[in-house]
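One structure is given here, and the rest of the page talks about it.
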2 protein chains.
Amino acid sequence: MTPDSLMPKNFNISSIKASCSSCGLRELCLPVGLDEQEIKALDHLLNQRHRIRRGEHLHRAGLDFHSLYAVRSGFFKTYVLQEDGREQVTGFHMTGEVLGLDAISTDMHTCNAVALEDSEVCEIPFVKLEEIGRTIPSLMHHLHKIMSREIVHDRGMLLLGGMKAGERLATFLLNLSYRFAKRGYSPLDFNLRMTREEIGSYLGLKLETVSRALSRLQEDGLIDVNSKHIRLTDIGRLRRQTGNSFCE
Amino acid sequence: MTPDSLMPKNFNISSIKASCSSCGLRELCLPVGLDEQEIKALDHLLNQRHRIRRGEHLHRAGLDFHSLYAVRSGFFKTYVLQEDGREQVTGFHMTGEVLGLDAISTDMHTCNAVALEDSEVCEIPFVKLEEIGRTIPSLMHHLHKIMSREIVHDRGMLLLGGMKAGERLATFLLNLSYRFAKRGYSPLDFNLRMTREEIGSYLGLKLETVSRALSRLQEDGLIDVNSKHIRLTDIGRLRRQTGNSFCE
DNA sequence: GATCTATTTTGATTTAAATCAAAACAGAGT
DNA sequence: ACTCTGTTTTGATTTAAATCAAAATAGATC
């Protein structure tokens with residue numbers, strides 16, 4: 001794994017196209033040259049859409065696995081409940097990303113997914129996906145890339161282990177920034193959908209530490225914090241702040 | 001994700017078969033009912049074996065990706081080098097496990113893999129695997145399970161974020177124990193192939209902290225440490241020690 | 001707009017782990 | 001068996017983050 005597992009070291013903001021703008025199909029099929037019939041098969045595969053209101057769950061740990069979900073719009077959090085009742089956040093997921101990949105291994109969802117804002121997803125029955133993938137190799141290959149990317153990202157989280165709170169936060173913000181940019185949103189100016197506590201859980205910090213680290217980054221002039229609204233005012237120094245940058 | 005992402009909460013040692021005993025083919029194909037011809041195609045796919053001596057690299061970050069590697073015997077460490085030259089360990093891999101899944105996303109290896117003891121791997125050209133997978137759906141599905149399992153495992157590492165040093169070590173040892181058991185080795189008595197520093201890197205701790213945590217677990221009668229040799233003398237309390245158990 | 005609740009910030013203190021340092025030990029090679 | 005080197009253990013000290021506590025702020029609801 002290169003150190004850019006969480007973010008390419010020097011992604012060029014302006015060069016990032018809003019490639020997989022809003023649709024699960026796009027995310028799954030963009031790089032593919034398809035004929036009429038294949039497009040039809042895919043349309044059939046991807047025609048189940050669902051609205052998930054803020055606070056509602058998309059799936060819960062322990063439930064049978066049938067479908068992947070491509071986020072068409074909105075924002076999700078995945079988490080597990082530990083024995084002691086504490087909630088451990090395992091990821092944040094935005095437009096164009098795919099949820100449910102972890103469930104393939106056991107045919108059971110291993111985490112809970114809840115919408116942090118009103119969202120729309122595209123349900124992709126996995127059995128059908130594998131079927132169609134047999135006749136459209138590039139689709140199958142693309143699924144493999146998506147799964148692999150997930151592995152790279154999750155593994156990149158290990159790098160946080162060696163970082164201090166401020167570095168973790170910087171890394172987290174840069175990763176969000178990168179992902180917003182990929183989707184055509186501003187990479188320098190965005191709203192956090194999650195609480196400090198959720199960020200802390202994800203990064204292995206307490207919420208007070210998250211708050212302090214953000215305040216510190218602001219003091220140092222790297223970012224501008226207004227509760228949930230974040231502006232990256234010096235992205236260069238923010239990168240250097242991470243020590244070892246890395247993103248998606 | 002359930003809390004057992006790193007280890008099933010109550011795996012029954014005696015009931016674990018040495019299922020995928022030693023071969024990449026087994027790991028990739030066990031649950032599959034195959035006919036003559038399919039077996040042949042697979043044999044062809046899996047006939048490239050390599051010996052990797054202790055200290056030698058299987059692949060390095062940045063190199064072009066062509067093949068997955070199934071570990072037939074031995075023990076590997078994967079790691080990335082950070083800008084400051086520090087080494088971040090990203091995983092340990094033993095017989096029956098598959099290396100290189102992270103490289104699919106970019107067609108480039110994202111980490112280095114080095115043998116921690118003399119090892120043997122089975123090279124699996126990925127293009128061929130996808131080809132053959134098209135005609136053997138269960139093989140393709142099994143690949144998906146393997147990748148998904150990797151995601152679950154990597155994500156389970158996030159749970160370490162909320163743990164103290166002793167809990168992390170206990171979790172780590174139980175995960176190793178579980179994986180040894182699956183392969184038919186003793187789950188209560190094994191040798192660590194890696195140094196304290198490598199364990200620390202993986203768990204987000206310094207080597208001194210690892211050493212102290214092990215000593216502490218020994219004092220408390222949960223394990224028996226003799227440099228690299230570990231005996232789990234009270235696996236029940238070791239599990240409770242993790243607070244929230246979880247494994248593979 | 002006023003009230004209530006959840007979230008966030010900040011401060012004081014404690015605690016766990018990192019750091020610094022040195023001794024003990026193990027394994028490889030001679 | 002002896003030496004050399006890398007690894008591990010243990011101790012003393014410092015530092016970063018957790019914890020405890022309270023005030024400030026933001027959002028939601030009436």
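Letters A, B, ... mirror the listed sequences (proteins, then strands); counts begin at 1.
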*S119(B) backbone acceptor or donor facing S73(B) side chain under 3.5 Å*: no
*Is it true that E97(B) and R183(B) have a side-chain N and a carboxylate O under 4.0 angstrom from each other?*
yes
*asked:* Between E56(A) and R51(A), does any NZ, NE, NH1 or NH2 come within less than 4.0 Å of an OD or OE carboxylate oxygen?
replied: no
Think [X] has a side-chain N or O under 4.0 angstrom from the OP1 or OP2 of [N]?
X	N	value
K164(A)	dA17(D)	no
K228(A)	dT8(C)	yes
T195(A)	dT7(C)	no

_Residue whose closest nucleotide on DNA chain C lies nearer the 5' end, R168(B) versus V225(A)_ = V225(A)
_Donor/acceptor link under 3.5 angstrom from R212(A) side chain onto base of dT19(D)_ = yes
*Please evaluate the base of dT10(D) for a donor-acceptor partner in the side chain of R196(B) within a cut-off of under 3.5 Å?*
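Donor-acceptor pair under 3.5 Å: no.
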_My understanding is that only one of D154(B), T78(B), T90(B) makes a side-chain hydrogen bond (donor to acceptor under 3.5 Å, both in side chains) with R155(A); could you say which?_
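Per the side-chain hydrogen bond (donor to acceptor under 3.5 Å, both in side chains) rule, the option paired with R155(A) is D154(B), out of D154(B), T78(B), T90(B).
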Closest to side chain of [X], choosing from [options]:
X	options	result
S215(B)	dT10(D), dA17(D), dT19(D)	dT10(D)
K206(A)	dT9(D), dA17(C), dA18(D)	dA18(D)
E208(B)	dT19(C), dA18(D), dT9(C)	dT19(C)
S227(A)	dC20(C), dT10(C), dG27(D)	dG27(D)

*Nucleotide dG27(D), atom C1' - distance to CG of L192(A) in whole Å*: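 It works out to 16 Å between those atoms.
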*When all nucleic acid strands are considered with a 4.0 Å heavy-atom cut-off, which category describes L214(A): base, sugar-phosphate, or nothing?*
nothing
*May I ask you to say what G204(B) touches in the nucleic acid, namely base, sugar-phosphate or nothing, with a heavy-atom cut-off under 4.0 Å?*
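Sugar-phosphate: the residue G204(B), judged by heavy atoms under 4.0 Å, touches backbone atoms but no base.
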